[in-house]
Amino acid sequence: MDKMYRKYGITSIKAIEHLVLIIIAIATVVAIGQEIKHIFEVGAVALADLLLLFIYLEVLAMVSHYAESGKLPIRMPLYIAIVALARYLILDMKAMDDWRIVAISISTLVLAATVIIIRWGQLKLPYPRPKEDEL
């Protein structure tokens with residue numbers, strides 16, 4: 001029973017994982033198309049539009065990286081969050097009170113510091129590589 005679970009259970013989970021990745025990629029491409037259509041309808045490109053397209057691009061890059069390596073780098077969602085906060089700040093700055101602007105700015109700085117710390121940890125404190133007999 002354990003071997004059957006390992007064979008079919010894990011294979012089924014991997015198939016569902018790839019299906020969801022394909023759905024995310026298709027939905028992101030559709031969203032990109034909708035944003036480009038919106039830009040052409042308005043007849044101008046705003047900074048908020050560019051930042052939204054950049055978010056979509058990061059999502060596609062994250063899906064691609066995950067599909068290739070099977071690992072999700074934590075820095076990519078952090079980059080997406082930073083750009084999303086910047087976009088939110090740009091779009092709604094006039095309607096925000098000062099404390100909300102400060103809170104969003106501090107949140108962005110915390111996320112940026114987190115990216116730096118994670119990157120430093122990857123360079124200075126890498127995971128030990130598995131020995132050949134452990135594979």
[X] versus [Y], closest heavy-atom pair with distance:
X   : Y   : value
K71 : H65 : O-ND1, 3.3 Å
A48 : L91 : CB-CD2, 3.2 Å
A86 : L51 : C-CD1, 4.4 Å
D49 : A44 : OD2-O, 4.0 Å
L72 : Y66 : N-CD1, 3.6 Å

Measure the spacing between [atom1] of [X] and [atom2] of [Y] and express it to the nearest 0.5 Å.
X    : Y    : atom1 : atom2 : result
L89  : R100 : CG    : CZ    : 11.0 Å
I80  : R87  : CD1   : CZ    : 13.5 Å
I117 : K124 : CD1   : NZ    : 15.0 Å
I116 : R75  : CD1   : CZ    : 11.5 Å
I82  : T114 : CD1   : OG1   : 8.0 Å
L78  : R119 : CG    : CZ    : 13.5 Å

So if you build clusters from Ile, Leu, Val, Met, Phe, Trp, Tyr with side-chain heavy-atom gaps below 4.5 Å, do [X] and [Y] land together?
X   : Y    : result
L52 : V29  : yes
I74 : V115 : yes
V30 : I23  : no
F40 : L50  : yes
I22 : V59  : no

If you define the side chain from C-beta out and look only at heavy atoms, does anything of [X] sit under 4.5 Å from [Y]?
X    : Y   : result
I32  : L57 : no
L111 : Y79 : no
M62  : I24 : no

Y56 vs Q34, side chain to side chain contact (heavy atoms under 4.5 Å, CB included): CA-CA, chis, key distance, verdict: CA-CA 11 Å; Y56 293 146; Q34 291 172 342; over 6 Å; no
Heavy atoms from other residues, nucleotides or ligands near CG of D97 exceed 12 (cutoff 6.0 Å): yes
